[in-house]
Protein chains: 2
Amino acid sequence: MVLPRAARTQRRTRIQEEKEELILEAALDVFATHGFRGSTIDQIADVAGMSKPNLLYYFRTKDAMHRALIDRVLDSWLDPLREFDAEGNPVSEIRSYIRRKLEMARDFPRESRLFANEILQGAPHIEDELKGPLKSLVDEKAEVIRSWAKAGKIAKCDPYHLIFAIWSTTQHYADFDVQVRGVLGEERSGDGRFEDAARFLEQLFVSGLEIREGGALTGD
Amino acid sequence: MVLPRAARTQRRTRIQEEKEELILEAALDVFATHGFRGSTIDQIADVAGMSKPNLLYYFRTKDAMHRALIDRVLDSWLDPLREFDAEGNPVSEIRSYIRRKLEMARDFPRESRLFANEILQGAPHIEDELKGPLKSLVDEKAEVIRSWAKAGKIAKCDPYHLIFAIWSTTQHYADFDVQVRGVLGEERSGDGRFEDAARFLEQLFVSGLEIREGGALTGD
DNA sequence: TGATAATTTGACCGGTTGGTAAAACATTAC
DNA sequence: GTAATGTTTTACCAACCGGTCAAATTATCA
C-alpha cells in the first residue's frame with residue numbers, strides 16, 4: 001500500500017516515528033529562521049538528510065508540516081504560564097515566571113522564533129489558537145494577578161500589559177539574538193548575558209511592582 | 001536613453017521621485033508582512049499598481065529595493081534614542097523615551113515589523129549597521145545611563161538590558177499586534193490600549209528604577 | 001512641431017518551487 | 001521463503017520566481 005501517512009489513523013511504524021521526528025526537527029530549524037513563506041521543502045529535506053519526495057511521503061504538504069510543528073510546540077510553549085500559581089507568593093511567582101521564560105528563550109530559541117515569525121506575519125496559521133486557548137489561559141492568570149493587586153500584595157497595574165511585558169522582554173533574547181549580540185559586542189555575548197538579563201529583569205519587575213507609600217517620583 | 005535609475009547620479013525627474021516613493025511604500029507593506037524571502041516582486045508591483053518590469057526600471061533588483069527601504073527607514077527609526085538627553089532629568093528622559101518608542105510602534109508599525117523580520121531572520125542585510133552605527137549609539141546612551149546610576153539618580157542597573165527592555169516592550173505592540181489584539185479581545189483592542197500600555201510601562205520602568213533604601217524585597 | 005530622452009509594456013528565459021506518478025527497494029508477517 | 005506492506009528514489013510537471021529585452025508609448029523641450 002502507498003497510503004500516505006496522514007491518511008492512516010493507527011499502526012505507526014518505528015520508522016515512521018523516527019522519520020517524522022527527524023523531519024519536524026529539521027522543519028523547526030528552517031521555519032524558525034525563514035518563516036513559512038521563506039522556507040522551502042527542499043531546504044527542509046536537505047537539513048533532514050532525505051529526498052523531497054520522501055519527506056512528502058510523511059507530510060503531504062508544506063502546510064501540514066508547519067501545522068504539525070506548531071501543534072507540537074505550542075502546548076509546551078505555554079507551560080511556564082500554566083505553572084503560574086495563584087496560591088503562591090506573588091513576588092516569587094512573578095520572579096520564577098520570568099526565570100522560566102528566560103530559560104526557554106535560552107534553551108529553545110528556535111521555538112520562540114517560530115512563533116515570532118508566525119505572529120509577525122499576521123498569524124495566518126494560528127489565529128484560532130490565539131483567540132481560543134491562549135486567550136483563556138491569559139484571562140485566567142490575569143485574574144490572579146488582579147486579585148493580588150486588589151489584596152495589596154503587589155502594586156496596582158494592568159495584568160495583561162504586565163504579561164505582555166514579561167513575554168516581550170524575555171523572548172527578546174531569543175528572537176532578536178543577533179541584535180543583542182551585535183550591540184553587546186563579542187565580549188559580552190557569551191552565556192553570561194542570560195544571567196545579566198535575569199538579574200536586570202527580576203530587579204525591574206520586582207521593584208517595579210512593589211508597593212510604595214508616597215507614589216511621588218523624583219528625578220534628580 | 002534607457003539607463004536604469006540606479007546608474008544615474010543626478011537629474012531625478014518628477015516622475016522618478018513619485019514612482020520611487022510609490023514603490024518604497026508598497027515594498028514596505030510587503031516586506032514588513034512577509035520578510036525578504038517571503039516577498040515577491042510581483043506582489044510589490046501589484047500593491048504599487050504597476051507592472052513588474054516597470055518596477056524593475058526603478059530598482060534593478062529585489063535586493064536594491066530592500067536596501068533602499070532599510071536605508072531610508074533605519075535612520076528615523078533611531079531618532080527617539082538620539083533625543084535621549086544626558087543633561088535632562090533621568091526619570092523624565094526615560095519616561096519620554098518610552099513614550100516616543102510607543103508612539104512609533106503605534107504610528108509606524110510596518111517599519112517596526114520590517115526590522116523585526118530582518119533581525120529575526122538573522123539580519124543578513126543589516127549586520128553591519130547593527131555592529132556599527134547602532135552599537136555606537138547604544139554605547140553612548142548606555143554610558144549616560146550608567147553615569148546617572150553612579151550619581152545615585154536612578155537605581156543601579158545594567159544600562160544595555162534596560163535599553164533592550166524598553167525596545168522589546170514597546171515594539172511588542174507593533175510586532176505582535178495580532179497576538180495582543182487576540183488576547184485582549186475585541187473590546188480592548190482599540191486605540192485605548194496604547195494609553196493603557198503607556199501607563200503601565202511608565203509605571204513599571206519609573207518605579208522599577210527608583211532608588212529604595214532597604215533593597216530587601218518582600219512578597220506577602 | 002518634431003526630435004530626443006524617459007517611461008511603460010508584453011513576451012520571454014532559465015532556475016526554483018510545491019507537489020505527483022510509478023517503479024524500485026526494504027521490512028515485516030506468516 | 002514469499003507475499004504483503006511500508007519506504008525510498010528517479011523522473012517529471014505546471015506554476016511561480018527574479019530578471020531581461022526590445023518594442024511601444026509618453027513626456028520634455030528646442
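Chain A is the first sequence line, chain B the second, and so forth, proteins listed ahead of strands; every chain is numbered from 1.
- With Arg181(A) contributing its side chain and Val178(A) its backbone, the two residues share no donor-acceptor pair below 3.5 Å.
- As judged by a 4.0 angstrom heavy-atom cut-off over every strand, Ser51(B) is placed among the base-contacting residues.
- Note on Lys19(A): only backbone sugar-phosphate atoms sit closer than 4.0 angstrom, heavy atoms only; bases stay farther off.
- For the pair Leu55(A) CG and dT7(D) C1', the computed distance is 13 Å after rounding to whole Å.
- Looking only at distances, a side-chain donor or acceptor of Arg37(A) sits under 3.5 Å from a matching main-chain atom of Gly38(B).
- Taking only side-chain atoms of Pro53(B), from C-beta outward, the nucleotide of dT20(C), dG10(C), dC17(D) with the closest atom is dG10(C).
- Contact check, Asn54(B) against dT7(C): no side-chain N or O comes under 4.0 Å of OP1 or OP2.
- For Leu56(A), taking side-chain heavy atoms from C-beta onward, the closest of the listed nucleotides dT8(D), dT20(D), dG19(C) is dG19(C).
- dG19(C) atom C1' lies 11 Å from atom CG of Asp42(A), rounded to whole Å.
- Atom P of nucleotide dA6(C) and atom CD of Glu20(B) are separated by 14 Å, given to the nearest angstrom.
- Distance Arg60(B) CZ to dT20(D) C1': 12 Å, rounded to the nearest Å.
- Side-chain contact annotation: Gln43(A) with Asp29(A), donor-acceptor N/O pair under 3.5 Å absent.
- Within the 4.5 Å cutoff, side-chain heavy atoms of Ile126(A) are placed close to those of Glu129(A).
- Summarising the geometry, the separation between CD on Glu17(B) and P on dT7(C) is reported as 11 Å, rounded to the nearest angstrom.
- Checking the phosphate oxygens (OP1, OP2) of dG19(C), no side-chain nitrogen or oxygen of Tyr57(A) falls inside 4.0 Å.
- Rounded to a whole Å, the NZ atom of Lys52(A) is 13 Å from the C1' atom of dT10(D).
- Note: CD1 (Ile41(B)) to P (dT20(D)) measures 9 Å, nearest angstrom.
- Ring-plane geometry between Phe164(A) and Trp167(A) is classed as tilted, the angle between the planes lying from 30 to 60 degrees on a 0 to 90 degree scale.
- With rounding to whole Å, Lys62(A) atom NZ is found 14 Å from dC16(D) atom P.
- When the nucleotides dT7(C), dG18(C), dC17(D) are ranked by their closest atom to the side chain of Thr40(B), dC17(D) comes out on top.
- When the side-chain nitrogen and oxygen atoms of Gln16(B) are compared with OP1 and OP2 of dA6(C), none of them lie within a distance under 4.0 Å.
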